[in-house]
Number of protein chains: 2
Amino acid sequence: MTDPNPAGLAEDTAARLRAQVIAGHLRPGQRLSETRLAADLSVSRNTLREVFRLLTREGLLTHAPNRGVSVAVPSMAGVLDIYRVRRLIEVPALAQAWPRHAAVLRMAECVAQARIAREAGDWRGVGSANMSFHAAIVALTDSPRLTAFFAQAMAELRLAFGLLDSPEQLHAPFLQENGAILELVQQSDMDAAAARLADYLDRSERVVMTAFARLENGVTPG
Amino acid sequence: MTDPNPAGLAEDTAARLRAQVIAGHLRPGQRLSETRLAADLSVSRNTLREVFRLLTREGLLTHAPNRGVSVAVPSMAGVLDIYRVRRLIEVPALAQAWPRHAAVLRMAECVAQARIAREAGDWRGVGSANMSFHAAIVALTDSPRLTAFFAQAMAELRLAFGLLDSPEQLHAPFLQENGAILELVQQSDMDAAAARLADYLDRSERVVMTAFARLENGVTPG
DNA sequence: TCATTCTGGATTGTTCAACAAAACTGGGCG
DNA sequence: CGCCCAGTTTTGTTGAACAATCCAGAATGA
């Protein structure tokens with residue numbers, strides 16, 4: 001009961017390492033020594049290599065032949081691509097959704113949890129709830145492939161967020177926006193909800209891109 | 001020059017095994033013994049396990065804990081999901097495409113190659129060209145994530161096609177359709193091209209689903 | 001002084017051997 | 001006929017080993 005699916009050591013370790021990467025414990029660009037990290041995670045080097053394959057395929061790590069793997073360093077092109085994917089998937093998902101789908105409940109829970117986290121000043125929690133909210137939107141499609149693909153893209157996006165200073169500025173303005181979208185969905189006005197989501201994505205993208213540009217200008221001098 | 005990217009033994013082996021699965025050399029549901037397959041592919045068992053992780057994540061293999069991996073057995077729900085993904089990605093890709101994109105050339109090449117293959121009676125070649133044609137459509141977006149995701153879905157779809165008898169019936173009616181879409185694109189009439197593509201997908205889905213239903217009824221009696 | 005070459009050490013890529021744990025197989029028994 | 005139980009096979013994981021490659025710093029030469 002405590003462990004519904006043992007799922008094997010490799011996937012478990014992959015989840016742990018993924019969490020560390022997303023949480024920013026490992027900085028983008030940092031090389032990951034196989035022996036060292038294997039010791040840190042208490043797994044064998046072979047098992048760690050299986051984990052590396054998975055996370056590399058997910059886009060969180062990059063692999064250079066004979067030079068090992070490093071944490072992927074997000075690029076503006078990558079962020080742009082991810083937002084295009086988000087628009088392409090999320091907006092139709094919401095527009096064609098069934099108003100009484102189970103995932104609507106999850107959306108509501110995410111909005112509530114985001115508010116609780118904001119009250120507590122837990123900005124990382126706010127970010128997590130926001131991500132879950134949009135994951136729930138995609139879950140409206142009942143498509144396992146879309147859901148998995150979207151989760152992957154969101155993990156990459158979180159990695160990019162970790163680069164920016166003050167992630168609170170990124171999520172705070174959009175808290176009420178999520179609530180508004182949820183209300184429109186609950187009123188079965190899917191077209192309005194989708195339009196509002198599209199606007200959300202445009203603005204969010206702009207905020208992230210400007211923050212990113214400022215970062216790159218600051219890091220790479222003239 | 002002969003080998004532009006060594007890319008490592010694992011990914012090379014993954015490509016080989018992927019080709020074997022797609023080509024139908026390994027039947028869906030068949031269990032893959034690690035030691036045996038490792039010997040067949042002339043790689044170590046550890047390397048093969050890395051390959052298994054990759055292809056499992058791609059959806060071509062399934063992994064049961066302590067029971068090894070087997071070739072994934074396509075389901076009607078899976079095919080349905082894949083066609084939804086195709087519609088969601090391909091139609092907007094075509095609708096918003098730049099008429100002079102480089103991928104349009106690849107589309108033309110695929111149409112030509114499909115015709116050549118049909119003349120030669122090479123139906124598997126026709127199928128490959130058809131797949132490449134739609135991959136080129138997605139390439140119109142210049143989105144690496146969409147392209148990779150779509151390629152994965154198409155690989156799964158090919159696995160499902162392998163189940164059906166007489167795959168020629170699946171591709172033959174759509175050869176001219178591809179040509180018509182290409183002409184509309186070359187005339188910069190993207191809306192018409194997208195509409196025709198949507199119609200193509202609807203009809204193709206129906207053909208595949210009926211073939212699939214006939215198969216399942218024949219296999220599972222009563 | 002500066003650029004080049006060389007060399008030693010560290011890291012990756014891959015294989016092999018070993019073992020615990022779980023699943024499958026076949027026979028024995030109620 | 002169904003259940004249990006030992007033996008065998010297969011998976012899951014680890015550790016060690018070795019070649020190939022890369023990296024840093026010393027040695028060399030202009």
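Just so it is clear: chains get the letters A, B, ... in the order the sequence lines come, proteins before strands, and each one is counted from 1. Source: prediction; values computed, not measured.
- The distance from atom CG of B:Leu88 to atom CD of A:Gln96, rounded to the nearest 0.5 Å, is 7.5 Å.
- Relative orientation of the A:Tyr200 and A:Phe174 rings is tilted, given thresholds of 30° and 60° on the angle between their planes.
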> Are B:Ser204 and B:Arg86 close enough, and set up right, to give a side-chain hydrogen bond (donor to acceptor under 3.5 Å, both in side chains), and what steps lead you there?
Replying inline: CA-CA 11 Å; B:Ser204 171; B:Arg86 291 189 65 175; 4.9 Å; no

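- For the pair B:Asp12 CG and C:dG13 P, the interatomic distance rounds to 15 Å; values are reported in whole Å.
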> So B:Gln30 and B:Arg27, side chain to side chain contact (heavy atoms under 4.5 Å, CB included) or not? Walk me through it.
Replying inline: CA-CA 6 Å; B:Gln30 179 175 357; B:Arg27 290 195 193 161; 4.1 Å; yes

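- At least one side-chain nitrogen or oxygen of A:His63 sits closer than 4.0 Å to the OP1 or OP2 atom of C:dG13.
- Under the 3.5 Å distance criterion, the side-chain polar atoms of B:Thr13 are matched with a main-chain donor or acceptor of B:Leu9.
- Rounded to an integer number of Å, the gap from B:Leu41 CG to C:dT14 C1' is 15 Å.
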> When every nucleotide of nucleotides 13-24 of chain D is labelled 5' to 3' by its protein contacts under 4.0 Å (heavy atoms), B for base, S for sugar-phosphate only, - for none, what sequence of letters results?
Replying inline: BBB-B---SSS-

